[in-house]
Amino acid sequence: MGMFILLSWRQLFWALNLPELPVEILVNILALLDIPDLVRAGSVCSSWNAAYTSLRSLGMYRRPQTPCLLYTSESYGDNVACLYSLAEKRVYKLTLPEPPIRSRHLIGSTNGWLVTADDRSELHMINPITGEQIALPSVITIEQVEPIFDEAGAIQRYEFSQYYGEEEFSIPSFHALHELRDYLYVKAFVFTDSTSGSYTVVLIHNPIGQLSFAKAGDRSWTWLPPGADYEDCIYMDGILYAVTNIGGIDVFDLNGPTVSRKVIIDRTKDYIYEHMYLVQAPSGDLLQVWREQDRKIVAAEEDEDAPERDHDPSEIFMETRKIMLYKVDMDAKELVEMSSLHDLVLFLGLSQSHCLSAGECPQLKANHVYLTDDGLGFALRKQDCRDIGVFNLDNNNTEEVVSPQLLCSWPAPIWITPSLSNVSSGWNNICARS
Ligand SMILES: *[C@@H]1O[C@H](CO)[C@@H](O)[C@H](O)[C@H]1NC(C)=O
Ligand SMILES: *[C@@H]1O[C@H](CO)[C@@H](O)[C@H](O)[C@H]1NC(C)=O
């Protein structure tokens with residue numbers, strides 16, 4: 001720890017004024033930095049850049065990363081994302097490639113990759129640290145989406161069918177190109193396969209929370225019927241686990257020749273109320289987390305005696321009231337209630353649900369849950385207030401992370417764990433669309 005404190009950013013600049021350090025020593029120093037600082041250090045001068053490049057190419061950089069809050073701000077350009085580092089308690093500005101980040105929906109974040117939906121409802125995955133961006137298969141290859149063309153042959157709007165594996169429960173709806181994303185997407189994940197170096201993107205999408213996935217190099221999304229009502233996913237040992245709104249857990253082997261669903265746990269409750277998350281603890285245990293939110297109205301100095309009025313959707317927001325923790329006993333197929341996270345810390349929201357040990361990231365608070373909105377709440381709707389904060393499981397109080405005045409409520413802020421990972425060039429070349 002002493003070494004880390006010595007290496008605050010200010011001291012790095014001070015170190016630069018010392019007689020030039022040998023590259024091997026620089027490499028060892030840089031290996032101790034968190035990624036945002038590492039990238040900055042790499043751009044300071046040529047010898048630091050050489051050290052940064054060799055650190056990456058030698059695969060020596062393995063420092064566990066503390067998640068950051070990624071958000072946008074009206075004070076900066078449309079292409080700038082702000083990264084608030086919980087470890088350093090400071091903000092880094094990142095300029096991202098087109099289309100402007102402020103025009104996109106953020107629908108997921110895993111392993112340093114964001115998944116975004118642009119104003120044609122098309123998806124990209126982007127690593128905001130390296131700036132690498134990959135266009136994902138077109139939205140019109142999602143099972144329930146069909147393009148409607150105008151006379152000139154351009155896509156004019158989308159037809160969105162309302163069926164899942166077992167039934168069609170409503171007539172199709174029609175949406176403008178930028179509007180479909182409001183209805184279609186729930187949450188997205190980028191799962192890496194360390195053995196092949198490849199990637200699989202998994203989507204939870206509507207109607208009623210179904211799954212589709214695309215692997216590196218695929219030109220279209222593959223639908224996974226008949227399951228539905230999914231709220232969260234996790235990838236463990238090459239297997240996809242998905243939790244439903246009643247706590248059921250289904251698994252899929254996405255690497256098999258045909259992908260079939262295996263129901264591991266049918267349900268853990270009889271009602272739909274809390275938002276459900278699936279998290280793997282550092283011990284390997286699988287946790288089910290239930291998050292209860294209250295619907296609130298932005299306080300507009302309303303007269304208590306005034307008659308109830310209809311509220312604009314932007315005035316409504318969600319506030320986390322209760323978080324319940326369970327360990328999943330896979331053999332008994334039941335939940336075991338946990339009264340505390342002890343040394344652990346959770347990250348929940350539109351990002352991949354994540355569990356860390358506070359011992360490894362001393363800036364984080366043990367037995368606390370770091371929250372943002374998710375797609376089941378109002379993250380994908382424009383609203384003025386957000387459910388972002390640090391929930392203390394000892395007293396059920398929520399503390400602020402970043403002052404709400406600093407961050408734009410749209411697109412909804414999201415947790416991201418910075419990563420320097422690059423995807424295979426094959427995926428890039430095959431999938432790139434102009
Ligand atoms: C916090 O919420 C949990 C779950 O509802 C409850 O069991 C616990 O008593 C609450 N703690 C306090 C201090 O209110
Ligand atoms: C990562 O990919 C980018 C281009 O997409 C490339 O410029 C860069 O050199 C790559 N970095 C590594 C370490 O492979």
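When a ligand or atom number is given, it counts from 1 through the structure's own listing order. All residue numbers in this chain count up from 1 along the given sequence. Since the structure is predicted, the reported quantities are computational estimates derived from the model, not experimental observations.
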For this session: Give a yes or no on whether the backbone of Leu348 and the side-chain of Asp374 come within a donor-acceptor separation of less than 3.5 Å.
Result: no
Exercise. Can we say Asp387 and Arg291 salt-bridge, meaning some charged N sits less than 4.0 Å from an Asp/Glu carboxylate O?
Worked result: yes
Problem set entry | Parallel, tilted or perpendicular: rings of Tyr230 and Phe252 (30°, 60°) | perpendicular
For this session: With sequence neighbours excluded, tell me which residues meet side-chain hydrogen bond (donor to acceptor under 3.5 Å, both in side chains) with Ser73.
Result: Ser75
Exercise. Once the angle between the rings of Phe347 and His354 is folded into 0 to 90°, is it parallel (under 30°), tilted (30 to 60°) or perpendicular (over 60°)?
Worked result: tilted
Name each N or O atom in ligand 1 that is under 3.5 Å from a protein N or O, and give the partner atom and the distance.
unit_1	atom_1	unit_2	atom_2	d
ligand 1	2 (O)	Asn396	OD1	3.2
ligand 1	2 (O)	Asn396	ND2	2.4
ligand 1	11 (N)	Asn396	ND2	3.0
ligand 1	14 (O)	Asn396	ND2	3.3

Exercise. Would Asp34 and Tyr92 count as a side-chain contact (heavy atoms from CB on, under 4.5 Å) if you check the C-alpha gap in whole Å, the side-chain angles of each, and the deciding distance to 0.1 Å?
Worked result: CA-CA 12 Å; Asp34 265 339; Tyr92 296 86; over 6 Å; no
